[in-house]
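Working notes, beginning with the structure itself.
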Amino acid sequence: MRNTVHHTDILQDKRIALLLSGGVDSAVAVHLLFERGIRPDCFYIKIGPEEKEEWDCTSEEDMEMATAVASRYGLRLEVVDCHKEYWSEVTRYTMEKVRAGLTPNPDVMCNRLIKFGAFDAKRGHDYDLIATGHYATTEVDEQGRKWLCTAPDPVKDQTDFLAGLFPWQLEKALFPVGHLMKEEVRHIAEREKLVNAHRKDSQGICFLGKINYNDYIRMYLGERPGDVIELETGRKIGEHRGLWFHTIGQRKGLGLGGGPWFAIKKDMAHNILYVSKGYNPEDVYRSEFAVSDMNWLTAPLSFGADGTADITFKIRHTSDYFRAKMEDAGNGTYVIHSETKLHGVAAGQFCVVYDTAHHRCYGAAEIKE
């Protein structure tokens with residue numbers, strides 16, 4: 001079994017900051033370090049949308065749980081306020097992408113800009129390592145390079161959310177529970193009678209809690225009604241409230257009768273949403289797409305004489321990996337030639353690139369139009 005926490009004696013000489021979220025994963029991360037004789041300093045990052053009291057944010061309960069866990073192990077807990085940084089940087093990124101008709105991933109940017117970004121600038125720079133409850137592992141190769149690697153639990157693996165880290169951030173990252181299956185983490189929490197042993201996992205975007213994503217978008221961008229048109233016939237079949245509420249490949253929530261209908265493409269200039277009817281419309285599937293702004297975590301791929309490299313990849317947070325050839329098209333652009341036709345490939349999404357065994361993660365790139 002792969003284990004992120006390799007040489008305990010080395011870790012004991014390190015200054016470790018552990019990010020306590022209030023969930024069971026980071027709580028067990030504290031326990032695993034503590035039973036190895038390591039006493040990290042614990043931090044709770046405050047980012048919730050407190051100015052909207054009617055939104056049911058779980059931050060107060062999170063804070064209580066984090067406080068209880070730190071107290072259980074006699075560790076200090078410090079609250080670091082990254083509220084402004086979150087809502088200026090991650091929200092700005094999200095809204096700019098959504099306004100342009102793209103499909104952003106705020107969780108990827110939260111890890112880069114907040115958990116390993118703003119936090120590091122405020123407090124993390126005083127520490128050698130930043131530990132989190134992410135399901136991911138790391139390994140060091142024969143050249144001394146640190147790689148982000150997948151977790152044994154294929155359902156919980158979060159390397160896709162970490163693929164946007166800068167190399168220096170990966171160097172500081174520590175994932176104490178990454179080598180465990182989720183049920184093992186729950187078992188440890190129950191055995192140790194941790195206060196959040198039976199707490200449900202958070203769902204959706206990292207900061208929203210129970211806030212509806214469309215309500216979040218509506219607060220910033222409002223609504224902009226437009227026509228919904230059937231792609232094949234050009235017939236208007238309804239209206240949408242704003243293109244930013246819809247993603248390519250979407251089937252549920254279109255509000256159209258006589259379906260199923262699939263969102264096929266967006267015409268941002270004319271504010272039109274094109275849809276297609278049927279269970280498997282061909283227009284929803286793609287096997288080739290371009291990516292840009294590739295973030296190489298440790299080292300770039302080695303491309304062959306034909307300019308391609310064999311990879312596996314994923315475009316959304318699932319346990320599915322797809323085999324493909326990645327082609328270097330020059331000027332920072334790459335083309336993914338997938339062996340499998342994929343549903344709902346949307347511009348703005350991150351394509352996360354792995355080796356052929358989907359073990360080492362090379363990084364992530366943004367899907368282009």
So do [Y] and [X] actually touch side chain to side chain, heavy atoms under 4.5 Å?
X	Y	answer
Val24	Leu194	no
Leu77	Met63	yes
Leu297	Arg360	no
Glu85	Ile114	yes
Arg323	Thr312	yes
Thr91	Tyr220	yes
Asp41	Phe43	yes

Looking at [X] and [Y], would you say the former's side chain and the latter's main chain have a donor-acceptor pair under 3.5 Å?
X	Y	result
Thr298	Lys146	yes
Asn271	Arg224	yes
Thr137	Thr150	yes
His187	Glu183	no
Asn295	Ala364	no
Gln12	Arg36	yes
Arg39	Gly74	yes
Gln250	Lys252	yes
Asp306	Thr308	yes
Asp128	Arg15	yes

Take Phe262 and Ile264 through the side-chain contact (heavy atoms from CB on, under 4.5 Å) test and state the conclusion after the steps.
CA-CA 6 Å; Phe262 292 84; Ile264 303 299; 4.1 Å; yes
Name the orientation class of the two ring planes belonging to [X] and [Y] (parallel below 30°, tilted from 30 to 60°, perpendicular beyond 60°).
X	Y	result
Phe322	Phe313	tilted
Tyr321	His358	parallel
Tyr216	Tyr213	tilted
Phe350	Tyr93	parallel

In plain terms, say whether Lys236 and Glu239 are close enough for a salt bridge, that is, a side-chain N and a carboxylate O under 4.0 Å apart.
yes
Under-4.0 Å salt bridge between Glu327 and Lys325
no
Under the side-chain contact (heavy atoms from CB on, under 4.5 Å) rule, what do His246 and Leu254 come out as? Steps first, then yes or no, please.
CA-CA 8 Å; His246 301 289; Leu254 292 174; 3.6 Å; yes
For the residue pair Thr103 and Thr247, confirm or rule out a side-chain donor-acceptor distance under 3.5 Å.
no
Looking only at side chains, do Thr159 and Asp157 share a donor and an acceptor under 3.5 Å apart?
yes
Once you round to the nearest 0.5 Å, how far does [atom1] of [X] lie from [atom2] of [Y]?
X	Y	atom1	atom2	result
Glu223	Phe245	CD	CZ	5.0 Å
Leu221	Leu243	CG	CG	11.5 Å
Arg316	Cys351	CZ	SG	11.0 Å
Tyr86	Arg92	OH	CZ	13.0 Å
Asp227	Tyr274	CG	OH	9.0 Å
Leu256	His240	CG	NE2	11.0 Å

Scan Gln158, Lys182, Arg186 and name whichever one has a side-chain contact (heavy atoms from CB on, under 4.5 Å) with Asp25.
Lys182
With side-chain contact (heavy atoms from CB on, under 4.5 Å) as the test, would you mind laying out the steps for Arg199 and Asp62 before giving the verdict?
CA-CA 10 Å; Arg199 197 179 188 203; Asp62 290 338; 2.7 Å; yes
Does CG in Asp293 sit with more than 12 non-hydrogen atoms of other residues, nucleotides or ligands closer than 6.0 Å?
no
Is it the case that more than 12 heavy atoms not belonging to Arg241 sit under 6.0 Å from its CZ atom?
no
The test is salt bridge (Lys or Arg N to Asp or Glu O under 4.0 Å); show your working for Lys97 and Glu366 and say whether it passes.
CA-CA 11 Å; Lys97 294 294 183 183; Glu366 188 174 305; 3.0 Å; yes
Where do Leu75 and Leu18 land on the side-chain contact (heavy atoms from CB on, under 4.5 Å) test, with the steps shown first?
CA-CA 11 Å; Leu75 303 174; Leu18 192 145; over 6 Å; no
